[in-house]
Enquirer: 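My structure is below; once you've seen it, I'll send some questions.
For ligands, and for the atoms within them, numbers begin at 1 and follow the listed sequence. Numbering starts at 1 and runs along the sequence shown. Please read these numbers as outputs of a predicted model, since none were measured by experiment.
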Amino acid sequence: MAVAYKRILLKLSGESLMGDKNYGIDSDVISRYAKDIKQVTALGVQVAIVIGGGNIYRGMNEAETGIERAQGDYMGMLATVINGMALQSGLEKAGVYTRLQSAIKMEQIAEPYIRRRAMRHVEKGRVVIFGAGTGNPYFTTDTAGSLRAIEINADVILKGTRVDGIYTADPEKDPNAKKYETITFNECISKNLKIMDMTAFTLCMENNLPIIVFDMNTPGNLLKVVTGEKVGTLVKG
Ligand code: UDP
């Protein structure tokens, strides 16, 4: 099967790992994702993953938690490492070689983030999971996804979400909302469509890194995206 992208950065939100639960990690979701990821690695596609932490901790609500923003953000980053470890386990169970790299040093459980090493891993067919976001407070894992994608020269960033693309309006609220197959970065800005936070989005736009927003919860969708089928919405320059 021919592939449309040789090297991908897959961004998964922490919340997606909850499945139908209110909190934490659903092992069914992990094994489903592992299966989908294995399918694309089997085609020779090089895969790196950035995973969020929102299912465990989000650091941004200082007023609610009483925890200082930067401190909370570090807690959020640690949450992404927990998710990364769960995903790593699931992938290994499925027979996929993996490496977990953390932007915050935790040498007993993850390699430190080293760009050239990450690139070598993906060249060898290992799935690299990037944990701890960017390693800096005041950022998001979407920004970590854009940053790492650009750093490792990924062809595209694939943002797995609950909805199957970008719509003219919120499809969960407006029945007349229509899906875009393709849209430009500038159109997203002029139409005020929020795909990622501004920092993450701007990084992609300035470095001409295409984004595909797609529904990761439909098994087989990842394979479709990678083989160039029209799934989700493609954002490009
Ligand atoms: N975070 C951070 N810097 C980063 C990435 C993440 O401070 O580079 C923190 C931030 O508090 C964020 C939390 O980690 O709320 C979890 O990440 P995010 O909310 O992006 O996860 P997702 O929404 O994808 O589950």
Enquirer: If the cut-off is 4.0 Å to any non-hydrogen atom of Gly52, which atoms of ligand 1 fall inside it?
Expert: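 Within the 4.0 Å cut-off of Gly52, ligand 1 contributes 21 (O), 22 (P), 24 (O), 25 (O).
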Enquirer: Please write down residue, atom name and distance for the protein heavy atom closest to atom 13 (C) of ligand 1.
Expert: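 Of the protein heavy atoms, Gly76 CA, 3.7 Å lies nearest.
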Enquirer: Examine the proximity of ligand 1 to Asn136 and report which part, side chain or backbone, both or neither, has a heavy atom under 4.0 Å away.
Expert: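 Backbone only; the side chain of Asn136 stays clear of ligand 1.
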Enquirer: Report, in ascending order of atom number, the atoms of ligand 1 lying under 4.0 Å from any heavy atom of Thr141.
Expert: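 The atoms of ligand 1 under 4.0 Å from a heavy atom of Thr141 are 5 (C), 6 (C), 17 (O), 18 (P), 20 (O), 21 (O), 22 (P), 24 (O).
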Enquirer: Is a side-chain N or O of Asp26 found less than 3.5 angstrom from the main chain of Asp28, in a donor-acceptor match?
Expert: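 Side chain of Asp26 to backbone of Asp28, a donor-acceptor pair under 3.5 Å: yes, one is there.
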Enquirer: Between OG1 of Thr80 and CG of Leu87, what distance do you get to the nearest 0.5 Å?
Expert: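 Between Thr80 OG1 and Leu87 CG, I get 11.5 Å after rounding to 0.5 Å.
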Enquirer: Which protein heavy atom lies closest to atom 21 (O) of ligand 1, and at what distance to 0.1 Å?
Expert: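 Ranked first by proximity to atom 21 (O) of ligand 1 is Gly53 N, 3.1 Å.
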Enquirer: Return yes if some donor-acceptor pair links the side-chain N/O of Thr143 with the main-chain N/O of Phe139 below 3.5 Å, else return no.
Expert: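 Checking the backbone N and O of Phe139 against the side chain of Thr143, no donor-acceptor pair under 3.5 Å is found.
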Enquirer: Strictly below 4.0 Å, N to O, side chains only: are Glu15 and Arg162 in salt-bridge contact?
Expert: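 Between Arg162 and Glu15 there is no salt bridge, as every charged N stays at least 4.0 Å from the carboxylate O atoms.
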Enquirer: Atom NE2 of His121 and atom CD1 of Ile114: how far apart are they, to the nearest 0.5 Å?
Expert: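 If I round to the nearest 0.5 Å, the distance is 8.0 Å.
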Enquirer: Would you indicate which of Glu15, Arg58, Arg69 comes nearest to atom 23 (O) of ligand 1 when only heavy atoms are counted?
Expert: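 Of the listed residues, Arg58 has the closest heavy atom.
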Enquirer: For residues Thr168 and Asn176, report the shortest heavy-atom separation together with the two atoms involved.
Expert: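 Smallest heavy-atom distance, with atoms named: OG1-O, 4.4 Å.
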Enquirer: State the atoms of ligand 1, each with its element, that fall below the 4.0 Å cut-off from a heavy-atom position in Gly54.
Expert: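 In order of number, 21 (O), 22 (P), 25 (O).
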Enquirer: With clusters defined by side-chain heavy atoms of hydrophobic residues (ILVMFWY) lying less than 4.5 Å apart, directly or transitively, does Val127 cluster with Ile51?
Expert: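 Both belong to a single hydrophobic cluster.
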Enquirer: Just let me know how Lys11 lines up against ligand 1, side chain, backbone, both or neither, with a heavy-atom cut-off below 4.0 Å.
Expert: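 Only the side chain of Lys11 comes within reach of ligand 1.
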Enquirer: Identify the closest protein heavy atom to atom 1 (N) of ligand 1: which residue and atom is it, and at what distance?
Expert: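 Closest protein heavy atom to atom 1 (N) of ligand 1: Phe139 O, 3.4 Å.
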Enquirer: In ligand 1, which numbered atoms sit nearer than 4.0 Å to a non-hydrogen atom of Thr134?
Expert: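 In order of numbering, the contacting atoms are 4 (C), 8 (O).
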Enquirer: Can any side-chain N or O of Asp36 pair as donor or acceptor with the backbone N or O of Gly220 at less than 3.5 Å?
Expert: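 A pair under 3.5 Å: yes.
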Enquirer: Looking only at non-hydrogen atoms, find the nearest pair between Ala103 and Gly133 and report the distance.
Expert: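 It is CB-O, 3.5 Å.
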Enquirer: List the closest protein heavy-atom neighbour of atom 9 (C) of ligand 1: residue, atom name, distance to the nearest 0.1 Å.
Expert: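 Ranking protein heavy atoms by distance from atom 9 (C) of ligand 1, first comes Asp73 O, 3.4 Å.
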Enquirer: For Tyr57 and ligand 1, does the shortest N/O to N/O distance drop below 3.5 Å?
Expert: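 In this structure, Tyr57 places no N or O atom under 3.5 Å from an N or O of ligand 1.
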Enquirer: Would you call Pro137 a ligand 1 contact, heavy-atom distance under 4.0 Å?
Expert: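 Pro137: in contact with ligand 1 (<4.0 Å).
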Enquirer: Ligand 1 versus Ser13, non-hydrogen atoms closer than 4.0 Å: side chain, backbone, both, neither?
Expert: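 Looking at Ser13 and ligand 1, atoms from backbone and side chain both fall under 4.0 Å.
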Enquirer: Compare every heavy atom of Ile129 with every heavy atom of Gly84, then report the nearest pair and how far apart it is.
Expert: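 In terms of heavy atoms, the two residues are closest at O-CD1, 3.7 Å.
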Enquirer: What atoms of ligand 1 come closer than 4.0 angstrom to any heavy atom of Gly14?
Expert: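 What qualifies from ligand 1 is 22 (P), 24 (O), 25 (O).
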Enquirer: Give the atoms of ligand 1, by number and element, whose distance to some non-hydrogen atom of Gly59 is under 4.0 Å.
Expert: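 Numbered from 1, ligand 1 contributes 11 (O), 15 (O).
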Enquirer: Could you tell me the residue and atom name of the protein heavy atom closest to atom 5 (C) of ligand 1, and the distance to it rounded to 0.1 Å?
Expert: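 Here the nearest protein heavy atom works out to Thr140 C, 3.4 Å.
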Enquirer: Verify whether the ring centers belonging to Tyr167 and Tyr180 lie closer than 6.0 Å.
Expert: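 Here the rings of Tyr180 and Tyr167 have centres that are no less than 6.0 Å from each other.
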